[in-house]
Amino acid sequence: MKVLGRGWVVSFGENVRSALSWCYRFVRNAVLFFQAKNRFIVLTPPFFARQLVYDRQQRRVIALEIRDIVDSYVVGQIYGDHDYALENARRSEELLQCYRRIVASGKTPLIVDCGGNSGMATRYFCETFKEAFVVCIEPDGDNLSLARRNNDTNRVRFVLAGVGSTEGKANIVDPGDGNWGYRIEAGEVGSTEIISINSVLEAFDSKAFEPFIIKIDIEGFESNLFEKNTEWIDRFPLLSIELHDWMLPGQANSRNFLKAISARDRDFVFSGENVFSVSNTLPRSSV
């Protein structure tokens, strides 16, 4: 799907279903918004290349650039459906206490966005956690370029790579599901770099940064990521992941993740498309 010009992504007629879905979501979220239950509300229909999101807490409008209807779905999930919101979670106050403790200690909370795509989740984290620093890791160059445009800030480091259990090489595979569905296939050779979470964390001085959230949406490559070298899990109070057994039937793609998580003292909570793994040993703020 191509941008048609004059700020339109696709014509209204080509996306009647998407427009109707947006109308339903807008009405539903408007009710929650005015009940002060949601922080964000998406103001623009999905066929505008410039999406406007109102932030009730900061009382301002956030502008996001999209290329196609897939990008608009991502905006809807993150800012309309609040996929990564902590506010309604039972343990939200514990997590926010942990965040405040990191800030009060003089350190910067570190958020790692694995599978950054167009930068919508990275922007959400930047807006929600103002004192945090975000690492946006994305293997596709076009996606990462858009992520940069959607996050014009020095609080984000952009990394063109995929994430796996060890450093290596891989290739990007396009199964035809749009820019949010690109998959990674590891091999001895490839044009895409694979980095480990341990190497990401090593790049940040532990005296200045402390891991807070890791978000993982890597289209099935989580099987590789959780195969070994998973000690980094213990450093993140909150791990959010979308699993992909539904996309890869018969492969037990979530097996390595389940093994790694079940061996640890963490809660396992489903919310929408994501699983939230929360540490049961969260240090609390004293302020």
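Any value given below was found using the heavy atoms of this structure, including those in side chains, with hydrogens, waters and symmetry copies removed. Numbers for residues simply follow the sequence, beginning at 1.
- Between the side chain of Tyr79 and the main chain of Tyr124, a donor-acceptor pair closer than 3.5 Å is present.
- How far CD1 of Ile216 is from SG of Cys114: 5.0 Å, rounded to the nearest 0.5 Å.
- Residues Ala121 and Asp113 share a closest heavy-atom pair of CB-OD2, 3.7 Å.
- Not one N or O on the side chain of Glu227 forms a donor-acceptor pair closer than 3.5 Å with the backbone of Thr166.
- In terms of modelled atom types and a separation under 3.5 Å, the side chain of Lys107 and the main chain of Ser206 share a donor-acceptor contact.
- Looking only at distances, no side-chain donor or acceptor of Asp140 sits under 3.5 Å from a matching main-chain atom of Asn117.
- Between Leu238 and Leu86, some side-chain heavy-atom pair lies under the 4.5 Å cut-off.
- Between Thr108 and Ala132, the closest heavy-atom pair is CG2-C, 4.0 Å.
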One pair to check against side chain to side chain contact (heavy atoms under 4.5 Å, CB included): Val269 and Val275. What are the steps and the verdict? CA-CA 6 Å; Val269 181; Val275 168; over 6 Å; no
Applying side chain to side chain contact (heavy atoms under 4.5 Å, CB included), run through Phe125 and Val156 and close with a yes or a no. CA-CA 10 Å; Phe125 291 132; Val156 178; over 6 Å; no
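- Minimum interatomic distance between Phe221 and Gly164 (heavy atoms only, all atoms of both residues): CE2-CA, 4.0 Å.
- Contact annotation: the side chain of Ser118 never approaches that of Ile66 to less than 4.5 Å [non-hydrogen atoms, C-beta and beyond].
- By the 4.5 Å heavy-atom criterion applied to side chains, Thr128 and Tyr84 are not counted as neighbours.
- For the pair Ile241/Leu243, a side-chain contact is recorded, criterion being any heavy-atom separation below 4.5 Å from C-beta on.
- Within the model, atoms CG of Asp217 and CG of Asn274 stand 7.0 Å from one another, a figure rounded to the nearest 0.5 Å.
- When side chains are defined from C-beta on, Leu64 does not count as touching Asp71, because their heavy atoms never get closer than 4.5 Å.
- Residues passing the side-chain contact (heavy atoms from CB on, under 4.5 Å) test with Asn198, sequence neighbours excluded: Ser196, Asn229, Glu231, Trp232.
- Between the side chain of Glu222 and the main chain of Gly220, a donor-acceptor pair closer than 3.5 Å is present.
- Using the six-membered ring where Trp is involved, Phe204 and Phe209 have ring planes that are perpendicular, over 60° apart on the 30 and 60° scheme.
- Listed by first and then second residue, the salt bridge (Lys or Arg N to Asp or Glu O under 4.0 Å) pairs that reach into residues 250-273 are Arg91-Asp267, Asp234-Arg264, sequence neighbours excluded.
- With sequence neighbours excluded, the residues that form a side-chain contact (heavy atoms from CB on, under 4.5 Å) with Val103 are Tyr99, Pro109, Glu131.
- Not counting sequence neighbours, the partners of Ser165 by the side chain to side chain donor-acceptor pair (under 3.5 Å) test are Asn224.
- Between Phe268 and Phe270, the ring-plane angle classifies as perpendicular under the 30° and 60° cut-offs.
- Proximity of Tyr54 to Arg59: side-chain heavy atoms (C-beta onward) are separated by under 4.5 Å at one or more points.
- One hydrophobic cluster, built from ILVMFWY side chains closer than 4.5 Å, cannot hold both Leu146 and Val70; they sit in different ones.
- With rounding to the nearest 0.5 Å, the separation of NE2 in His244 from CG in Asn253 is 8.5 Å.
- In this structure, Phe129 and Leu96 approach most closely via the heavy-atom pair CE2-CD2, 4.1 Å.
- Proximity of a side-chain donor or acceptor of Asp205 to a complementary backbone N or O of Lys207 within less than 3.5 Å is detected.
- Here the straight-line distance linking atom CG of Asn38 with atom CZ of Arg56 works out to 7.5 Å at 0.5 Å rounding.
- With Lys215 contributing its side chain and Ile111 its backbone, the two residues share no donor-acceptor pair below 3.5 Å.
- Distance alone, capped at 3.5 Å, is enough to place a donor-acceptor pair between the Asp245 side chain and the Ser254 backbone.
- Residues Pro139 and Leu160 approach most closely at O-CD1, 3.4 Å, considering heavy atoms.
- Pairs passing the salt bridge (Lys or Arg N to Asp or Glu O under 4.0 Å) check and including a residue from residues 146-168, sequence neighbours excluded, read Glu65-Arg149.
- Considering only heavy atoms from C-beta on, Arg101 comes within 4.5 Å of Glu210 through its side chain.
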List the steps and the verdict of side chain to side chain contact (heavy atoms under 4.5 Å, CB included) for Val134 and Thr153. CA-CA 10 Å; Val134 184; Thr153 173; over 6 Å; no
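- In this structure, CG in Leu95 is found 9.5 Å from CD in Glu93, a value given to the nearest 0.5 Å.
- Remark: Glu127 pairs with Arg60, Arg123, Lys130 by the salt bridge (Lys or Arg N to Asp or Glu O under 4.0 Å) rule, at least two apart or across chains.
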Start with the C-alpha gap between Glu94 and Asn280, add the side-chain angles, then the distance that decides, and say whether side chain to side chain contact (heavy atoms under 4.5 Å, CB included) holds. CA-CA 10 Å; Glu94 285 181 74; Asn280 288 329; over 6 Å; no
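- Inter-residue side-chain proximity for Phe257 and Leu239 is flagged as met; some heavy-atom pair is nearer than 4.5 Å.
- Taking SG of Cys136 as the reference point, atom CG of Leu144 lies at 5.5 Å (rounded to 0.5 Å).
- Side-chain contact check for Asn151 and Thr122: no donor-acceptor pair (N or O, by modelled atom type) lies under 3.5 Å.
- Closest heavy-atom contact between Pro211 and Leu201: CG-CD2, 4.1 Å.
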